[in-house]
Amino acid sequence: MAHAHESNTKRIWIVFGILSVITTVEVALGIVKPDFLFRSHFLSTSLLNWIFIILTLVKAYYIMWAFMHLEGEKASLRWSVVAPLIFLILYLCFIVLVEGDYIFEVFKNGHLEWIF
């Protein structure tokens, strides 16, 4: 029995539009760097960096949702794929931010000097 071929052109354009809008917001924030986001800090980094991290996670989730065809799967399978990746990304961000801040404070306030 032959299956009818469905055109995914509309879906592809919707995905393209959503990802483009998120990327445009990220690029605009990176160019403009609003002072109230850039100067205020939360958990050792600026709010602007947290916005970049959150928008990147949203894009990663949407890419997995659309291009890995997770929207048609059961919720348990979706979360078994998405949850470990989000946890890993957040864990790596935490390690980089905490250790980077520690090293910065050691060089800033300690007796060691910047040699690079």
Side-chain angles (χ1 to χ4, degrees):
M1 181 176 203
H3 294 284
H5 178 70
E6 295 180 22
S7 176
N8 287 328
T9 306
K10 181 179 177 183
R11 183 173 179 271
I12 290 171
W13 281 109
I14 291 172
V15 171
F16 174 74
I18 292 171
L19 293 176
S20 295
V21 166
I22 294 173
T23 303
T24 304
V25 168
E26 285 180 334
V27 170
L29 286 174
I31 291 172
V32 174
K33 281 188 184 177
D35 279 340
F36 69 94
L37 292 176
F38 185 66
R39 302 273 183 223
S40 56
H41 290 275
F42 177 71
L43 294 177
S44 300
T45 191
S46 69
L47 290 177
L48 187 62
N49 284 345
W50 284 112
I51 290 173
F52 287 144
I53 291 168
I54 290 167
L55 288 176
T56 302
L57 286 173
V58 168
K59 282 193 329 186
Y61 180 78
Y62 196 71
I63 287 169
M64 287 191 305
W65 177 268
F67 295 118
M68 291 178 64
H69 307 288
L70 290 178
E71 72 271 13
E73 300 296 336
K74 291 183 179 181
S76 58
L77 178 63
R78 280 196 307 255
W79 281 108
S80 68
V81 172
V82 172
L85 292 174
I86 289 177
F87 174 75
L88 178 65
I89 291 169
L90 290 175
Y91 179 70
L92 291 175
C93 288
F94 171 77
I95 293 296
V96 166
L97 293 173
V98 169
E99 294 300 321
D101 186 56
Y102 171 75
I103 291 172
F104 176 75
E105 291 297 325
V106 166
F107 279 114
K108 181 180 174 188
N109 300 327
H111 63 282
L112 301 172
E113 295 181 8
W114 289 97
I115 58 173
F116 49 89

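Given the structure is predicted, the values throughout are model-derived calculations rather than measurements.
- At a threshold of 4.5 Å between side-chain heavy atoms, the hydrophobic network of Ile, Leu, Val, Met, Phe, Trp and Tyr places I86 and L88 in two separate groups.
- Rounding to the nearest 0.5 Å places CG of L19 at 7.0 Å from OH of Y62.
- Separation of atoms CG (L57) and CZ (F52) is listed at 13.5 Å; rounding is to 0.5 Å.
- When the side chains of ILVMFWY residues are joined at heavy-atom separations under 4.5 Å, either directly or via intervening members, I51 and L90 end up in a single hydrophobic cluster.
- A single hydrophobic cluster is seen to contain both V58 and Y61, as judged by linkage of ILVMFWY side chains at heavy-atom distances under 4.5 Å, directly or through other members.
- The CD1 atom of I54 sits 11.0 Å away from the CG atom of N49 when rounded to the nearest 0.5 Å.
- A donor-acceptor pair is defined here as one N or O able to donate and one able to accept, closer than 3.5 Å; no such pair exists between the side chain of R78 and the backbone of A83.
- The two atoms that bring P84 and W79 nearest to each other are CD-O, 3.7 Å, heavy atoms only.
- Minimum interatomic distance between M64 and V82 (heavy atoms only, all atoms of both residues): CE-CG2, 3.6 Å.
- When V27, V32, V25 are each tested for a side chain to side chain contact (heavy atoms under 4.5 Å, CB included) with L29, only one passes: V25.
- There is no path of hydrophobic side-chain contacts, each under 4.5 Å, that joins I12 to W65.
- When hydrophobic clusters are built by joining Ile, Leu, Val, Met, Phe, Trp and Tyr residues whose side-chain heavy atoms come closer than 4.5 Å, directly or via intermediates, Y91 is not grouped with I89.
- Note that CG of L47 and CZ of F36 are 9.0 Å apart. Values are rounded to the nearest 0.5 Å.
- The structure places CZ of F16 at 14.0 Å from OG1 of T9, a figure rounded to the nearest 0.5 Å.
- The side-chain hydrogen bond (donor to acceptor under 3.5 Å, both in side chains) contacts involving residues 12-33 comprise T23-K59, E26-T56, E26-K59, where partners must be two or more places apart or lie in separate chains.
- Of all non-hydrogen atoms in I22 and L55, the two that sit nearest each other are CG2-O, 4.0 Å.
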